[in-house]
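All heavy atoms count here, side chains included; hydrogens, waters and symmetry mates do not. Remember, predicted model here, so these are calculated numbers, not experimental data.
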Amino acid sequence: MSAATTTQGAGPPRAILVGVDVAGSGHFDPTLDELALLCESAGDLPVARVIAKRKAPDPALFVGSGKADEIKALVLGHQAEAVLFDQALSPAQQRNLERHLGVAVADRTMLILEIFAARAQSHEGKLQVELAQLQYLSTRLVRRWSHLERQRGGIGNRGGPGEAQIELDRRMIGERIKAVKERLVKVKRQRSTQRRSRERNQTFRVSLVGYTNAGKSTLFNALVKARTYAADQLFATLDTTTRQFYLEDVGRSVSLSDTVGFIRDLPHKLVEAFEATLQEAADADLLLHVVDAASPLLAEQMAEVQRVLGDIGAAGIQQVLVYNKYDKLEDNQRPRATVDVLELDGGVRVPRVFVSALQGQGLDSLKQVISQAVDGTLAERLDLNPSSTPSTDDDAGDDGLLPTGTQHSHP
């Protein structure tokens with residue numbers, strides 16, 4: 001984490017992970033595994049984990065004074081340089097915790113923003129991250145530094161009579177936010193022009209969506225023979241990449257776009273900032289929803305992607321579920337066939353294709369399903385009529401395949 005400086009002389013900054021199970025707050029990760037992955041993606045080393053339960057967050061320290069003392073003991077014992085919270089902290093809570101613990105404190109939102117800032121490559125991506133960071137920083141302008149004292153008015157001094165440094169900082173950030181938004185409007189207009197051009201050429205648009213680290217970029221590379229950066233880490237790639245992809249079965253090319261991965265509790269301002277990039281998914285003719293088939297949190301991750309798709313107006317677009325990482329499944333989890341149908345909440349039935357993007361398994365089946373979507377025969381071929389009676393788990397054989405079931409089933 002950039003806020004922390006290494007005092008050990010070697011190795012990444014050491015961080016303590018903290019998760020607070022607040023009653024009625026919704027999803028909580030008792031293992032903090034995803035926060036640990038975020039921590040490692042940001043360049044830090046998680047050295048200890050702390051779990052707390054509260055009926056409501058402590059207004060001053062979020063975790064309460066007793067738990068804060070426990071965390072401070074861990075900081076000293078592990079010589080940690082940062083404490084990372086899995087929940088969002090208020091500016092006052094962050095300030096109070098830093099004073100109490102004596103090290104840098106960051107919440108999940110700040111951590112995601114730092115990773116995005118480090119990974120963005122394109123001009124558009126950098127602008128979007130900067131906007132999100134500025135919007136986040138604008139809420140953190142509280143009195144925590146000695147220079148935020150009232151300035152004298154007059155010649156040679158910035159600001160009017162009695163204007164505080166904090167007010168100047170806030171105004172400068174506001175002006176920068178306005179400038180970045182104006183530049184992003186131009187970028188969005190350029191993307192819109194490109195999309196209209198593809199529409200005039202009757203290009204069928206396919207977008208890869210999915211939870212971060214599900215293997216979207218690896219699948220993208222396998223399908224279009226591209227060299228998009230892919231790694232086993234969260235948010236390995238942030239910038240949308242579009243390539244032409246030829247389908248022999250229908251004798252035509254389609255455009256395939258790789259988009260940014262989604263994650264639980266993705267900062268709302270980050271969704272707003274990435275509107276132009278996510279628009280690629282909202283304007284697609286077909287979504288390939290890539291799922292990590294071996295993840296124990298598969299159902300939660302799928303639900304989060306569906307929620308974000310709803311937020312960006314893409315919930316009604318035809319989907320194909322791509323259960324990736326087939327090679328990591330145990331023998332009793334592997335399906336009888338690489339293509340079947342899954343019923344989501346609300347009775348919507350969608351095709352499901354099992355693949356291993358890394359090893360190339362199932363890609364031919366996936367191409368066939370995409371071709372059927374292009375020529376309009378997919379629903380007929382796979383019997384996606386909601387009135388059809390799905391199979392039950394009782395129909396599953398000894399090989400462990402779960403046939404047509406609900407979104408909450410593991411493959």
With no hydrogens and no angle check, is any side-chain donor or acceptor of Glu81 less than 3.5 Å from a backbone partner on Arg14? yes
Under the rule for side-chain contact (heavy atoms from CB on, under 4.5 Å), what residues qualify as partners of Leu61, not counting sequence neighbours? Asp58, Ser65, Ala68, Asn96, Leu97, His100
Gln244 and Ser255, any side-chain heavy atoms less than 4.5 Å apart: yes
For the pair Glu304 and Arg307, find out whether any cationic side-chain nitrogen is under 4.0 Å from an anionic carboxylate oxygen. yes
Could you tell me which residues satisfy side chain to side chain donor-acceptor pair (under 3.5 Å) with Gln301, sequence neighbours excluded, listed by chain and number? Ser295
Going from NZ on Lys55 to CG on Asp21, what distance comes out if it is rounded to the nearest 0.5 angstrom? 13.5 Å
Can you name the residues that form a side chain to side chain donor-acceptor pair (under 3.5 Å) with Ser253, not counting sequence neighbours? none
Sequence neighbours left out, what passes salt bridge (Lys or Arg N to Asp or Glu O under 4.0 Å) with Arg176? Give chain and number order. Glu130
Among residues at least two apart in sequence or on other chains, which ones pass side-chain contact (heavy atoms from CB on, under 4.5 Å) with Val254? Phe204, Val206, Phe245, Leu247, Val374
side-chain contact (heavy atoms from CB on, under 4.5 Å) partner of Val320, the single match among Ile370, Leu287, Val350, Leu378: Leu378
Atom CG in Leu76, atom CG in Leu101: separation rounded to 0.5 Å? 9.0 Å
Could you grab the distance from atom CD of Gln319 to atom OG of Ser207, nearest 0.5 Å is fine? 11.5 Å
Residues that Asp69 engages under salt bridge (Lys or Arg N to Asp or Glu O under 4.0 Å), provided they are two or more places apart: none
Got a salt bridge between Lys325 and Asp292, using NZ or NE/NH1/NH2 to carboxylate O under 4.0 Å? yes
State, yes or no, whether a side-chain contact exists between Phe28 and Ile51 at a heavy-atom distance under 4.5 Å. yes
Residue pairs, two or more places apart or on separate chains, that pass side chain to side chain donor-acceptor pair (under 3.5 Å) and touch residues 353-371: Asp327-Ser356, Thr338-Ser365
Just to verify, what does Asp33 make a salt bridge (Lys or Arg N to Asp or Glu O under 4.0 Å) with, not counting sequence neighbours? Arg49
Across all chains, not counting sequence neighbours, the salt bridge (Lys or Arg N to Asp or Glu O under 4.0 Å) partners of Glu70 are Lys67
Just so I know, are the side chains of Val83 and Val50 near enough to count as touching, which here means a heavy-atom distance under 4.5 Å? no
Side chain to side chain donor-acceptor pair (under 3.5 Å) test vs Ser217 passes for just one of Asp258, Thr259, Thr241, namely Asp258
Here the pair of heavy atoms bringing Ala56 nearest to Val22 is CA-CG1, 4.1 Å
Quick one: side chain to side chain donor-acceptor pair (under 3.5 Å) partners of Gln87, sequence neighbours excluded? none
Partner residues of Lys72 under the side chain to side chain donor-acceptor pair (under 3.5 Å) criterion, sequence neighbours left out: none
Quick one: list whatever passes side-chain contact (heavy atoms from CB on, under 4.5 Å) with Val291, sequence neighbours left out. His289, Leu298, Met302, Leu321, Tyr323
Side chains of Val353 and Leu288: does their closest heavy-atom pair fall under 4.5 Å? no
